[in-house]
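The structure appears right after this line, and notes come after that.
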Amino acid sequence: MRNTLYLVGSLSLVAFMVAGCAGPEEKFGRGLSNMTELARGGEFERSVEQEGVFGGTDVGVTTGFARGFDRTMARTGIGLYEVITFPIPPYGPVCTDYLSPKPQYPDSFHPRKWSDATFDTDRQVGFSGGDVAPWFPGSRFRIFDN
């Protein structure tokens with residue numbers, strides 16, 4: 001039994017080294033991102049917004065709610081599947097005909113990076129982005145934003 005355990009352990013280590021880390025790492029990260037869809041609610045907001053724009057306000061609230069809930073649950077389930085199976089190939093995204101591999105946002109929202117020392121590497125020099133005086137109302141001057 002002990003020899004079998006060593007053999008299985010060493011074979012799995014060799015398989016992991018041969019496969020590399022890029023595929024499992026990408027699959028695990030995509031799965032974590034999809035698993036947090038319940039908290040983020042991007043698919044839900046996008047579905048309600050899109051149905052409201054193209055179908056009218058009454059359809060946007062009812063059909064958009066149902067479609068958003070359905071897509072949110074699907075993305076969360078796919079994320080759970082990808083987190084559980086991240087070391088097992090294939091490493092590409094699944095169900096791409098129904099959901100895009102990247103998280104969706106409403107068209108009225110454009111995500112940005114946080115203004116933080118992690119992303120603003122020139123902070124010590126004084127060339128970082130972000131708010132100049134965020135505690136004052138109306139001081140939304142930002143440097144280097146598109």
Side-chain angles (χ1 to χ4, degrees), residues 1-132 134 140-146:
M1 180 64 182
R2 179 181 245 173
N3 291 337
T4 306
L5 186 62
Y6 285 132
L7 180 65
V8 169
S10 61
L11 286 177
S12 63
L13 181 64
V14 167
F16 184 72
M17 294 297 215
V18 170
C21 296
E25 181 180 276
E26 184 178 345
K27 186 176 182 181
F28 186 70
R30 189 175 54 241
L32 285 178
S33 175
N34 286 338
M35 244 175 44
T36 59
E37 180 64 31
L38 277 173
R40 193 176 66 85
E43 288 281 356
F44 185 81
E45 288 182 37
R46 181 175 172 82
S47 296
V48 171
E49 179 189 71
Q50 293 295 311
E51 286 295 322
V53 168
F54 295 115
T57 54
D58 54 344
V59 174
V61 173
T62 55
T63 307
F65 177 83
R67 180 173 289 153
F69 181 76
D70 180 41
R71 293 176 72 89
T72 298
M73 290 296 120
R75 187 170 290 277
T76 304
I78 289 171
L80 186 63
Y81 165 78
E82 286 187 334
V83 165
I84 291 171
T85 63
F86 83 93
I88 305 166
Y91 299 118
V94 295
C95 296
T96 55
D97 55 339
Y98 183 65
L99 296 171
S100 87
K102 295 185 177 182
Q104 293 294 308
Y105 295 97
D107 288 339
S108 60
F109 175 72
H110 300 287
R112 296 184 175 175
K113 287 191 254 180
W114 297 334
S115 181
D116 188 65
T118 304
F119 300 112
D120 298 334
T121 56
D122 297 334
R123 188 178 186 104
Q124 301 299 325
V125 182
F127 294 111
S128 67
D131 296 338
V132 174
R140 299 296 297 172
F141 177 73
R142 292 178 176 259
I143 303 172
F144 301 127
D145 277 350
N146 293 336

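What you see is a predicted model, and the numbers here were worked out from it, not measured in a lab.
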Please find the pair of heavy atoms, one from [X] and one from [Y], that lie closest to each other, and give the distance.
| X | Y | result |
| --- | --- | --- |
| Thr96 | Pro101 | CG2-CG, 4.0 Å |
| Tyr91 | Phe86 | CE2-O, 3.3 Å |
| Leu32 | Val83 | N-CG2, 3.6 Å |
| Gly64 | Ser47 | O-CB, 3.7 Å |
| Met35 | Leu80 | CG-N, 3.6 Å |

Could you check whether any side-chain N or O of [X] sits under 3.5 Å from a backbone N or O of [Y], counting only pairs where one atom can act as donor and the other as acceptor?
| X | Y | answer |
| --- | --- | --- |
| Arg40 | Gln104 | yes |
| Ser10 | Leu7 | yes |
| Lys27 | Pro89 | no |
| Arg75 | Ser100 | yes |

Notebook entry, point to check: Cation-pi between Arg71 and Tyr98: NZ/CZ under 6.0 Å from ring centre and within 45° of the ring axis?
Noted result: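 Yes, a cation-pi geometry holds between Arg71 and Tyr98.
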
Checklist line | Any residue meeting side-chain contact (heavy atoms from CB on, under 4.5 Å) with Thr72, in chain and number order, not counting sequence neighbours | finding: Glu37, Leu38, Glu43, Phe44, Thr76

Check: Any side-chain heavy-atom pair from Val61 and Thr57 closer than 4.5 angstrom?
Finding: no

Margin query: To the nearest 0.5 Å, what is the distance between CD1 on Ile84 and CZ on Phe28?
Written below: 11.0 Å

